[in-house]
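For reference, the structure discussed in these notes is given below.
Predicted, not measured: the structure shown is a model, and the values here were computed from it.
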Amino acid sequence: MDQTTLTIVMVVILAVLIFFMFRSSRRRQKQQQELQKQVVPGATVMTNFGVFGTIVSIDEENNKVELETSPGHILTVHRQTIGRVETMPETTETVDADSADTEVEAAATDEKPQYGERIEDAGTASDTAESKKTDE
């Protein structure tokens with residue numbers, strides 16, 4: 001009796017493990033399908049290796065995606081390297097004059113520059129400091 005009980009317990013444990021493996025596999029497949037539905041031109045995405053960019057075009061036949069990482073720089077990556085979709089593209093391009101004015105006013109009232117924003121005065125100050133160093 002001891003041997004049969006042990007065998008039954010082992011079979012039950014194996015069945016539970018197989019059940020959880022299939023369950024997690026299905027969950028991953030659903031997540032991957034949802035992600036691939038969101039991968040459309042114009043979407044801002046992050047790749048598995050940490051590069052952020054905007055999708056320019058998708059080649060369904062070869063599973064290639066062209067990402068624009070910065071203006072004028074386009075990378076071609078495999079479609080499955082897209083790790084996550086940051087923002088979806090806007091489908092309607094309706095801009096009111098009032099909303100455009102408030103955006104300009106909001107940008108003008110911010111005293112601190114946004115990350116990556118160039119400041120013209122700071123660039124000329126650093127150029128003069130470098131020229132003083134080279135003169136000495």
Side-chain angles (χ1 to χ4, degrees):
M1 287 278 197
D2 238 2
Q3 189 120 13
T4 57
T5 308
L6 182 62
T7 305
I8 292 173
V9 170
M10 294 299 281
V11 169
V12 169
I13 290 174
L14 183 62
V16 170
L17 288 174
I18 291 172
F19 170 75
F20 281 117
M21 285 190 325
F22 281 116
R23 185 174 159 206
S24 65
S25 174
R26 285 185 191 154
R27 186 180 306 149
R28 270 188 268 122
Q29 285 176 350
K30 279 185 180 181
Q31 288 174 344
Q32 189 68 22
Q33 287 173 354
E34 289 174 10
L35 176 69
Q36 292 303 322
K37 287 178 185 176
Q38 294 175 350
V39 175
V40 293
T44 303
V45 297
M46 182 184 86
T47 62
N48 289 337
F49 44 92
V51 174
F52 288 89
T54 303
I55 297 176
V56 177
S57 67
I58 300 172
D59 183 6
E60 297 285 339
E61 186 176 307
N62 296 322
N63 284 329
K64 292 183 180 180
V65 175
E66 290 186 355
L67 291 179
E68 184 175 25
T69 56
S70 61
H73 294 98
I74 296 179
L75 300 174
T76 302
V77 296
H78 195 274
R79 185 179 182 141
Q80 290 180 346
T81 61
I82 304 298
R84 127 179 129 200
V85 176
E86 295 293 317
T87 58
M88 293 294 294
E90 293 182 15
T91 56
T92 57
E93 295 287 331
T94 57
V95 177
D96 296 335
D98 296 333
S99 66
D101 290 339
T102 56
E103 289 177 12
V104 171
E105 290 174 6
T109 59
D110 291 340
E111 293 181 17
K112 294 182 182 178
Q114 297 292 325
Y115 179 77
E117 182 180 2
R118 294 182 183 252
I119 301 175
E120 295 176 15
D121 296 335
T124 57
S126 65
D127 291 341
T128 57
E130 287 181 19
S131 64
K132 288 180 183 177
K133 289 179 184 176
T134 56
D135 291 339
E136 293 177 1

Do [X] and [Y] belong to the same hydrophobic cluster, where Ile, Leu, Val, Met, Phe, Trp and Tyr are linked whenever their side-chain heavy atoms lie under 4.5 Å apart, directly or via other members?
{"X": "Leu35", "Y": "Phe52", "value": "no"}
{"X": "Leu75", "Y": "Val39", "value": "yes"}
{"X": "Val51", "Y": "Val65", "value": "yes"}

Donor + acceptor pair across side chains of Thr81, His78 (<3.5 Å):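 Short answer, no.
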For Val40 against Ile58, the heavy-atom pair lying closest together: CA-CD1, 3.9 Å
Contact check, side chains of Val85 and Thr44, non-hydrogen atoms, under 4.5 Å: no
Please table the atom pairs, donor to acceptor, closer than 3.5 Å between any side-chain atom in residues 18-31 and protein atoms at least two apart or in another chain.
from	atom 1	to	atom 2	distance (Å)
Ser24	OG	Phe20	O	3.2
Ser24	OG	Met21	O	3.1

Lys64/Glu66 under salt bridge (charged side-chain N to carboxylate O under 4.0 Å, His left out): CA gap, chis, key distance, verdict: CA-CA 7 Å; Lys64 292 183 180 180; Glu66 290 186 355; over 6 Å; no
Separation between CD1 of Ile8 and CD1 of Ile13, rounded to the nearest 0.5 Å: 12.5 Å
From CD1 (Ile55) to CD1 (Ile82), nearest 0.5 Å: 5.0 Å
Salt bridge (charged side-chain N to carboxylate O under 4.0 Å, His left out) partners for Glu60, two or more places apart: Arg79
Enclosure of Gln38 CD (heavy-atom neighbours >12, cutoff 6.0 Å):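 Yes, because the 6.0 Å sphere around CD of Gln38 holds more than 12 heavy atoms from other groups.
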Contact list for residues 35-48, test salt bridge (Lys or Arg N to Asp or Glu O under 4.0 Å), sequence neighbours left out: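 Qualifying pairs, neighbours excluded: none.
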